[in-house]
Amino acid sequence: MICQECKQKPATLHFTKIINGEKTEVHLCEKCSQGKSDILMIDAGSNFSISSILAGLLNIDQGFTSTQQNPFVNGNDIRCDHCHLSYSQFARVGKFGCSSCYDSFSKQLEPILKRLHGGNSTHTGKIPKRIGGNISLRKKINDLKQELQMSILQEEFENAAEIRDEIRSLEKEAKSSEERSDLL
């Protein structure tokens, strides 16, 4: 893809902005992106990388005044038990020191992950459209079975009966879907 500004060099920065459901895409080369960094709300310096984007998400100090505290950094800075990286070092660099850092900083990462994943803290992945119907149906059945077990343990038997009926209905749907795909 060619840069939309200079129309000569290959685009290395692909920026997508969605506002009120309207999608805008910008494709720029490295040189043109440096001139547009204020518009794109990024630091497109020579060290532009994914880690710098992450560090930018974590370094929210600039928006806080001296009377307010940054909620992501506290007085007694948390350290990883394995590599001894502090959370403030991680926030500055944008990279973990080891795999144990995920566990050490889990409480601090939760709100950031929720912000990045649209309210979720876990990644659910994508399912291919062609076979996705049956896979998502199976996943929903498994989720309902777990919910059924919780209802039984909490002795919410009316709710458990409704969930049981929904599971049976979905299992019939899945079976008929499998039979149709076997015929094709």
Side-chain angles (χ1 to χ4, degrees), residues 1-75 77-140 143:
M1 184 169 285
I2 303 296
C3 175
Q4 291 177 331
E5 280 291 308
C6 66
K7 297 184 181 13
Q8 295 174 358
K9 297 177 185 168
T12 56
L13 177 74
H14 306 279
F15 183 75
T16 303
K17 182 169 62 171
I18 301 173
I19 298 176
N20 295 330
E22 188 176 321
K23 184 177 176 180
T24 307
E25 292 185 358
V26 179
H27 307 282
L28 301 172
C29 67
E30 187 175 341
K31 186 177 181 183
C32 293
S33 67
Q34 289 174 354
K36 301 278 186 190
S37 63
D38 57 332
I39 295 170
L40 300 176
M41 297 176 295
I42 59 169
D43 177 17
S46 59
N47 294 329
F48 181 73
S49 66
I50 296 298
S51 61
S52 67
I53 292 174
L54 181 58
L57 286 170
L58 297 172
N59 289 328
I60 59 172
D61 298 0
Q62 299 142 4
F64 289 89
T65 63
S66 59
T67 58
Q68 292 178 322
Q69 283 288 329
N70 182 341
F72 296 106
V73 179
N74 57 24
D77 202 14
I78 299 169
R79 290 192 173 273
C80 175
D81 296 331
H82 188 260
C83 70
H84 306 292
L85 179 78
S86 70
Y87 184 77
S88 60
Q89 289 172 320
F90 160 67
R92 189 173 53 253
V93 175
K95 292 181 185 178
F96 283 136
C98 68
S99 61
S100 299
C101 291
Y102 288 100
D103 296 325
S104 300
F105 305 135
S106 62
K107 287 184 181 179
Q108 288 75 19
L109 295 175
E110 184 81 18
I112 297 165
L113 292 174
K114 283 186 176 184
R115 193 171 75 203
L116 291 172
H117 288 286
N120 298 319
S121 61
T122 57
H123 178 68
T124 55
K126 292 184 179 180
I127 299 173
K129 289 182 181 179
R130 195 174 54 207
I131 60 169
N134 208 13
I135 292 173
S136 60
L137 198 57
R138 286 285 167 206
K139 182 174 177 2
K140 187 171 183 177
D143 291 345

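Other residues, nucleotides and ligands contribute over 12 non-hydrogen atoms within 6.0 Å of the CD atom of E25.
Atoms OG and CD1, from S106 and I78 in turn, are 8.5 Å apart once rounded to the nearest 0.5 Å. Atoms NE2 and CD, from H27 and Q4 in turn, are 5.0 Å apart once rounded to the nearest 0.5 Å. The CZ atom of R79 sits 11.5 Å away from atom OG of S104, with the distance rounded to the nearest 0.5 Å. In this structure, NZ in K95 is found 13.0 Å from SG in C101, a value given to the nearest 0.5 Å. Summarising the geometry, atom CG belonging to L13 is positioned 10.5 Å from atom SG belonging to C32; distances are rounded to the nearest 0.5 Å. Between the CE atom in M1 and the SG atom in C29 there is a gap of 13.5 Å [rounded to 0.5 Å].
Applying the side chain to side chain contact (heavy atoms under 4.5 Å, CB included) test to Q8 and every residue at least two apart in sequence or in another chain returns C6. By the side chain to side chain contact (heavy atoms under 4.5 Å, CB included) test, K107 pairs with no residue at all, sequence neighbours left out. Every residue two or more places apart in sequence or in another chain that forms a salt bridge (Lys or Arg N to Asp or Glu O under 4.0 Å) with D143 is listed here: K139.
A pairwise comparison of heavy atoms in Q108 and P111 identifies O-CD, 3.5 Å as the closest pair. Between T16 and K23, the shortest heavy-atom contact is CG2-CE, 3.7 Å. Across all non-hydrogen atoms, the minimal contact from G97 to L85 is N-CD2, 3.5 Å. The nearest pair of heavy atoms linking C80 to C83 is SG-N, 3.6 Å.
F105 and F90 have parallel rings, their planes meeting at less than 30° on a 0 to 90° scale where 60° marks the start of perpendicular.
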